[in-house]
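Just follow the structure's listing: the first ligand is 1, and inside any ligand the first atom is 1.
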Amino acid sequence: MSTYPHVKFLTSAAEAHQLAPDEGREIAFAGRSNSGKSTAINAIAQRSGLARVSRTPGRTQLINFFEMAPHRRLVDLPGYGFAKVPERVRLHWLQLMEHYFNVRESLVGLILIVDSRRGLGTQDAGMLEWVLARDRFAHVLLTKADKLNKRDAQRVLRETRAACSDTSVTAQLFSAHENLGFEEARQVMDRWLESP
Ligand SMILES: Nc1nc2c(ncn2[C@@H]2O[C@H](COP(=O)(O)OP(=O)(O)O)[C@@H](O)[C@H]2O)c(=O)[nH]1
Ligand SMILES: [Mg+2]
């Protein structure tokens, strides 16, 4: 089993010029506020306090960089979809994301965090379009699967895969609370990090 025993926080970027040096390889995590992104990062990295599980969703407009191994980074992108965010903040988010996806050579793939009870939304689809247009990998984690019964969880997984069937996007169920899907997610990430 691949884990990241030496994972550590590197730096935060609030502005385009503050991104970590663009070398090696990195995997970005994106998702709506409150989709379970921080929880998923902590579960995958096996570090409970790594990414903060937020009580005030939508507040953080930072790109957080973590080092999993030398020249291998995990990037926590700021969440989106929070209703009460002022226009100025939303525009800053958009500008920062566009910059990130446009310049980032070391980005190999995007892990998109989607609450399994909501399913893929318009903004989620937009994130997938961004990375696919740049020939990067993308994988959807359908989080909080413990909140659905088995049958509904399988239905959401089927629907998500169907929605992505024209693309290379893959999807899986995930639950931090029930230890579901950690290994599957790590395998996807390892494949991306080692791909030629
Ligand atoms: N039931 C359940 N709740 C979860 C799971 N993952 C996250 N949550 C809850 O969802 C809320 C938002 O989680 P957080 O990781 O902060 O989401 P973020 O805003 O996307 O980073 C918190 O109350 C978490 O405890 C999960 O797998 N199962
Ligand atoms: Mg968070």
* **Asp115 and Ser35 side chains, donor-acceptor separation under 3.5 Å** =>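 Checked: Ser35/Asp115 side chains show no N/O donor-acceptor pair below 3.5 Å.
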
* **Test item: side-chain donor near acceptor, Ser12 and Asn64, under 3.5 Å** => yes

Return yes when [X] approaches ligand 1 closer than 4.0 angstrom through a heavy atom, no otherwise.
{"X": "Asp146", "answer": "yes"}
{"X": "Arg32", "answer": "yes"}
{"X": "Gly79", "answer": "no"}

* Stepwise ring-ring contact (aromatic ring centres under 6.0 Å, His included) check, Phe65 with Phe9 -> CA-CA 6 Å; Phe65 292 87; Phe9 173 76; 9.0 Å; no

In terms of atom number and element, which parts of ligand 1 are under 4.0 angstrom from non-hydrogen atoms of [X]?
{"X": "Ser175", "result": "27 (O)"}
{"X": "Lys147", "result": "1 (N)"}
{"X": "Lys37", "result": "15 (O), 17 (O), 18 (P), 20 (O), 21 (O)"}

* Leu10-Met189 co-clustered via ILVMFWY side chain contacts under 4.5 Å ->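 Leu10 does not cluster with Met189.
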
* Asked: Around atom CZ of Arg47, are there more than 12 heavy atoms of other residues, nucleotides or ligands at under 6.0 Å?
  ->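 Atom CZ in Arg47 is packed in, count exceeds 12.
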
* Pick from Thr39, Asp115, Leu148: the one approaching atom 14 (P) of ligand 1 most closely through a non-hydrogen atom -> Thr39

* Just say parallel, tilted or perpendicular for the rings of Phe101 and Trp130, cut-offs at 30° and 60°. => tilted

